[in-house]
Amino acid sequence: MIKKKLLLACLCTAVLTGCGNRNEDMPESAALSGVEEHEAEAGESADAEKDTEGSMSEGAEHEAANAEEDMEGSVSAGAEHETEAGETADAVFTFGDKATMNNQVNGRELPIYCVDTEEKKVALSFDAAWGNEDTEELLSILEAHDLHVTFFMTGGWVENYPEDVKAILAAGHDLGNHSENHKNMSELSDEEKKEEILSVHRKVKDITGYDMFLFRPPYGDYDNALIDVLKDCEYYGIQWDVDSLDWKNEGVDAILETVTKHKNLGNGSIILCHNGGEYTAEALDALIIELEAQGYEIVPVSELIYPDNYHMDVQGRQIADES
């Protein structure tokens, strides 16, 4: 069952130019896209044939959601999160100053696909929307390497596997939001977008005391309005520039070659994997070893991105403003 689900999961047209292979003269028409071919949580498949322009809902000029009162329990400096053991740990990330977050490029609001950095760091991330057969194994491998990563979870996954949510947080990983119902966000009203985000936020908050601040849109689908709504909810929109294609279930070697030889792999890359893939857990140990052999430090998304004082380029690369 998992194989069938993951076979339909997460096909994305990756960025044309990644953080590792920069082309500053890239034409505007080559701006980023990405539509995964995820199967919806309810079992319905998504339209897989959206192109680059479609993923951003070209021409959509949605107005940003009206500012409401700050979300209850939003991330703040010194906030304390409960761990599975009932202990608390100081938050290491504080949501930035929205006034200094510039996500607009040529009239479009972009999520973060990768980060401009001189440090040889990459972020490893896992989307969790279906089963959890390999979650324990993934956590064990990551612990053995003393690594922390980011897990993006749907509302259904959080409901079905609350103990795994706690275990992920207790192990020191980012908890990321992957929407409540795994819908195409660009097709929703601003209020519907907000509810898709906050519904999962409330569930995770109730279970763990943790305030999420990273959001990955289902199918990689977004529009200008989503980025504005995310900021209102004190969230960062996160995509990827290296897709492991682990959902294809083509074997360990295929995953390793796809990631470690990816044309976009470079400083500041965000790597997309999935829990529940047939070979993902089996490939993880070797993947970590090879990335580290190439000199990369593997970090969670929260340790890679800039919280504020940044702008974007057409590849969706987050660039720190000069001080």
Trainee: Could you check whether any side-chain N or O of Ser199 sits under 3.5 Å from a backbone N or O of Glu196, counting only pairs where one atom can act as donor and the other as acceptor?
Mentor: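 Here the side-chain-to-backbone pair does not exist.
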Trainee: Using only atom types and a distance under 3.5 Å, with no angle test, would you say the side chain of Thr280 pairs donor to acceptor with the backbone of Asp246?
Mentor: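 Checked: no pair found.
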Trainee: Step through the shown structure and confirm whether more than 12 heavy atoms of other residues, nucleotides or ligands are within 6.0 Å of CG on Asp97.
Mentor: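 Yes, the 6.0 Å shell around CG holds more than 12 heavy atoms from other groups.
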Trainee: Are the side chain of His201 and the backbone N or O of Cys233 linked by a donor-acceptor pair below 3.5 Å?
Mentor: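 No; judged by distance alone, with no hydrogens or angles, the pair does not exist.
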Trainee: Show me, pair by pair, the donor-acceptor contacts under 3.5 angstrom made by side chains of residues 288-295, not counting sequence neighbours?
Mentor:
{"unit_1": "Glu290", "atom_1": "OE2", "unit_2": "Gln294", "atom_2": "NE2", "d": "3.1"}
{"unit_1": "Gln294", "atom_1": "NE2", "unit_2": "Thr260", "atom_2": "O", "d": "3.2"}

Trainee: Go through the steps for Ser186 and Asp221 under the test side-chain hydrogen bond (donor to acceptor under 3.5 Å, both in side chains), then give the verdict.
Mentor: CA-CA 6 Å; Ser186 68; Asp221 177 52; 2.8 Å; yes
Trainee: Less than 4.0 Å between a side-chain N and a carboxylate O, is that true for Lys193 and Asp223?
Mentor: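 Looking at Asp223 and Lys193, the cut-off is met.
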Trainee: Between Lys248 and Glu278, is there a side-chain N and carboxylate O pair less than 4.0 Å apart?
Mentor: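 No, Lys248 and Glu278 are not salt-bridged.
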Trainee: Should the pair Lys166-Glu163 be classified as a salt bridge under the 4.0 Å nitrogen-to-oxygen rule?
Mentor: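 Yes, Lys166 and Glu163 are salt-bridged.
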Trainee: Is it true that a side-chain atom of Glu159 and a backbone atom of Gly156 form a donor plus acceptor pair closer than 3.5 Å?
Mentor: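 No, Glu159 side chain to Gly156 backbone: no donor-acceptor pair under 3.5 Å.
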Trainee: Of all residues at least two apart in sequence or in a different chain, which pass the salt bridge (Lys or Arg N to Asp or Glu O under 4.0 Å) check with Lys120?
Mentor: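 For Lys120 there are no salt bridge (Lys or Arg N to Asp or Glu O under 4.0 Å) partners, ignoring immediate neighbours.
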Trainee: Between Asp241 and Asn264, is a side-chain hydrogen bond (donor to acceptor under 3.5 Å, both in side chains) present by the stated rule, with each step listed?
Mentor: CA-CA 6 Å; Asp241 68 329; Asn264 293 342; 5.1 Å; no
Trainee: Which residues pass the side chain to side chain donor-acceptor pair (under 3.5 Å) test with Asp321, not counting sequence neighbours?
Mentor: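 In terms of side chain to side chain donor-acceptor pair (under 3.5 Å), with neighbours along the sequence ignored, Asp321 is linked to His311.
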Trainee: Sub-3.5 Å donor-acceptor pair from the side chain of Asn267 to the main-chain atoms of Glu118, do we have one?
Mentor: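 Side chain of Asn267 to backbone of Glu118, a donor-acceptor pair under 3.5 Å: yes, one is there.
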Trainee: Spell out, as yes or no, whether a donor-acceptor pair under 3.5 Å connects the side chain of Arg216 to the backbone of Gln239.
Mentor: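 Checked: pair present.
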Trainee: Can you classify the ring geometry of His182 versus His178 as parallel (below 30°), tilted (30 to 60°) or perpendicular (above 60°)?
Mentor: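 Perpendicular: the ring planes of His182 and His178 meet at over 60°.
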Trainee: Only counting residues at least two apart or in another chain, list the ones meeting ring-ring contact (aromatic ring centres under 6.0 Å, His included) with Phe151.
Mentor: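 Testing Phe151 for ring-ring contact (aromatic ring centres under 6.0 Å, His included), a comparison that skips the adjacent residues, returns Phe126, His173.
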Trainee: Please walk me through it: do Met312 and Ile112 pass side-chain contact (heavy atoms from CB on, under 4.5 Å)?
Mentor: CA-CA 8 Å; Met312 311 290 289; Ile112 300 167; 4.1 Å; yes
Trainee: Could you pull out all residues at least two apart from Gln104 that satisfy side chain to side chain donor-acceptor pair (under 3.5 Å)?
Mentor: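 Gln104 satisfies side chain to side chain donor-acceptor pair (under 3.5 Å) with Glu109 only.
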Trainee: Between Asp174 (side chain only) and Ser302 (backbone N and O only), is there a donor and an acceptor less than 3.5 Å apart?
Mentor: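 Checking the backbone N and O of Ser302 against the side chain of Asp174, a donor-acceptor pair under 3.5 Å is found.
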Trainee: Might you point out which heavy atoms bring Glu180 and Thr154 nearest each other, and give the distance in Å?
Mentor: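 Reported closest heavy-atom pair: O-CB, 4.4 Å.
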Trainee: Does Lys121 use its side chain to pair, donor to acceptor, with the backbone of Glu303 at less than 3.5 Å?
Mentor: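 Flag not set: sc Lys121 to bb Glu303 has no pair under 3.5 Å.
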Trainee: Does Tyr236 have any ring-ring contact (aromatic ring centres under 6.0 Å, His included) partners at least two apart in sequence or in another chain, and if so, which?
Mentor: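 ring-ring contact (aromatic ring centres under 6.0 Å, His included) list for Tyr236, sorted by chain: Phe93, Phe95.
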Trainee: Using a 3.5 Å distance criterion without hydrogens, assess whether the side chain of Thr150 forms a donor-acceptor pair with backbone atoms of Val301.
Mentor: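 Yes; judged by distance alone, with no hydrogens or angles, the pair exists.
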Trainee: Sub-3.5 Å donor-acceptor pair from the side chain of Trp157 to the main-chain atoms of Gly131, do we have one?
Mentor: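 Confirmed, Trp157 side chain pairs with Gly131 backbone.
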